[in-house]
Amino acid sequence: MNDKNMIDEIIKIKEEKNIKILAHNYQNYEIQQIADYVGDYLELIEVSKNVDCKTIISCGVRSLAQTLKTVSNKNIVMPVSEAVCPMNKKINIEELTNFKNMHPQFTIVSSINSQVELKAISDICVPTSKAVDIIEKLDSENILFASDMNLGNYISKKVENKNVISWTSYCTIHDRVTKEEIINMREKHPDRPIIVHTQCREDVIELADYAGSTSQIIEYVKSLKDKKVIIGTETGILHVLRRLNPDKKFELLSPTLICMNMKKTSLEDVYKCIAKEDGEVIEIDENIRLKALNSIDNMMKYL
Ligand code: SF4
């Protein structure tokens with residue numbers, strides 16, 4: 001079956017079976033095309049809670065599917081079980097639990113894109129875009145931030161009067177970007193703004209014109225008068241930026257900005273998931289789900 005026929009079939013079957021497809025901003029272009037909603041974790045959380053459907057197909061990595069299951073408790077299916085964020089894999093939950101037990105003065109704050117087990121032992125979750133604001137408002141003076149140590153480092157520089165330490169894990173994609181790549185790009189295109197993600201390293205963020213979360217980057221780019229912009233985050237965001245800014249041209253800061261786990265889901269995988277029901281139904285122990293939900297609910301109070 002060619003792609004055009006597959007897309008037609010997916011659209012037909014998802015309507016017949018009352019299925020909605022939710023896709024992360026970093027998904028392949030063809031997945032974004034067939035998705036009912038494309039967004040970041042926070043946006044997709046809201047959709048999953050409110051959308052009226054029998055099943056949600058979650059196109060992203062496992063932690064996204066777990067997050068949607070946690071908040072909506074609907075039937076959540078992921079097409080490719082092996083799509084797992086490497087940053088999440090680096091975190092040893094047992095070690096972090098031991099730290100928590102030995103240091104009760106620390107509030108455990110986790111990224112919204114963390115795995116459900118980490119959310120379950122956290123006091124509160126934060127989206128990247130609001131991490132600084134929320135942590136500043138917490139009563140606790142001592143914060144342990146997991147999962148991205150580059151973002152944790154960025155937060156520690158921005159918040160005042162708090163002791164923010166980071167667990168040693170990082171986004172392998174954003175951490176790869178080097179300051180030399182910014183310097184070279186600046187020499188090549190001195191007139192173009194360079195925008196990076198706050199999961200990049202400190203020396204990269206310092207040399208960029210702007211650093212933010214995915215949603216902050218989208219908003220910032222909309223406000224720019226410049227017609228040519230350099231983007232230093234995962235390549236999938238270019239599809240969203242081009243759709244929202246047809247008058248602007250975008251270039252990726254580094255060819256390494258591709259998350260292979262976010263790209264594991266193909267059109268064929270979604271087709272099989274919908275037509276043959278061979279995706280993975282997300283199951284979470286109810287005790288863990290409720291604890292993780294509590295961390296997300298604590299976050300929602302600040303939004
Ligand atoms: S882009 Fe980074 S944080 Fe997102 S799934 Fe890939 S490795 Fe994980």
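Worth saying up front: this structure is predicted, and the values here are computed from it rather than measured. Both counts, for ligands and for their atoms, begin at 1 and track the order of listing. The chain is numbered in sequence order, starting from 1.
- Here Lys69 does not pair with Glu283 in a salt bridge; the nearest charged N to carboxylate O distance is not below 4.0 Å.
- Which of Tyr170, Tyr26, Tyr41 comes nearest to atom 1 (S) of ligand 1 through a heavy atom is settled by distance: it is Tyr26.
- Between Arg62 and Glu82 no salt bridge is recorded (no basic side-chain N to carboxylate O distance below 4.0 Å).
- When atom types are taken as modelled, the side chain of Lys248 and the backbone of Leu224 share a donor-acceptor pair closer than 3.5 angstrom.
- The residues Lys4 and Asp8 are annotated as salt-bridged, a charged nitrogen and a carboxylate oxygen being separated by less than 4.0 angstrom.
- In this structure, Ile258 and Glu234 have side chains that are in contact, with non-hydrogen atoms separated by less than 4.5 Å.
- For the 3.5 Å distance criterion, the side chains of Tyr41 and Ser63 qualify, holding a donor opposite an acceptor.
- Within the protein, the N, O or S atoms sitting under 2.8 Å from atom 8 (Fe) of ligand 1 are Cys85 SG.
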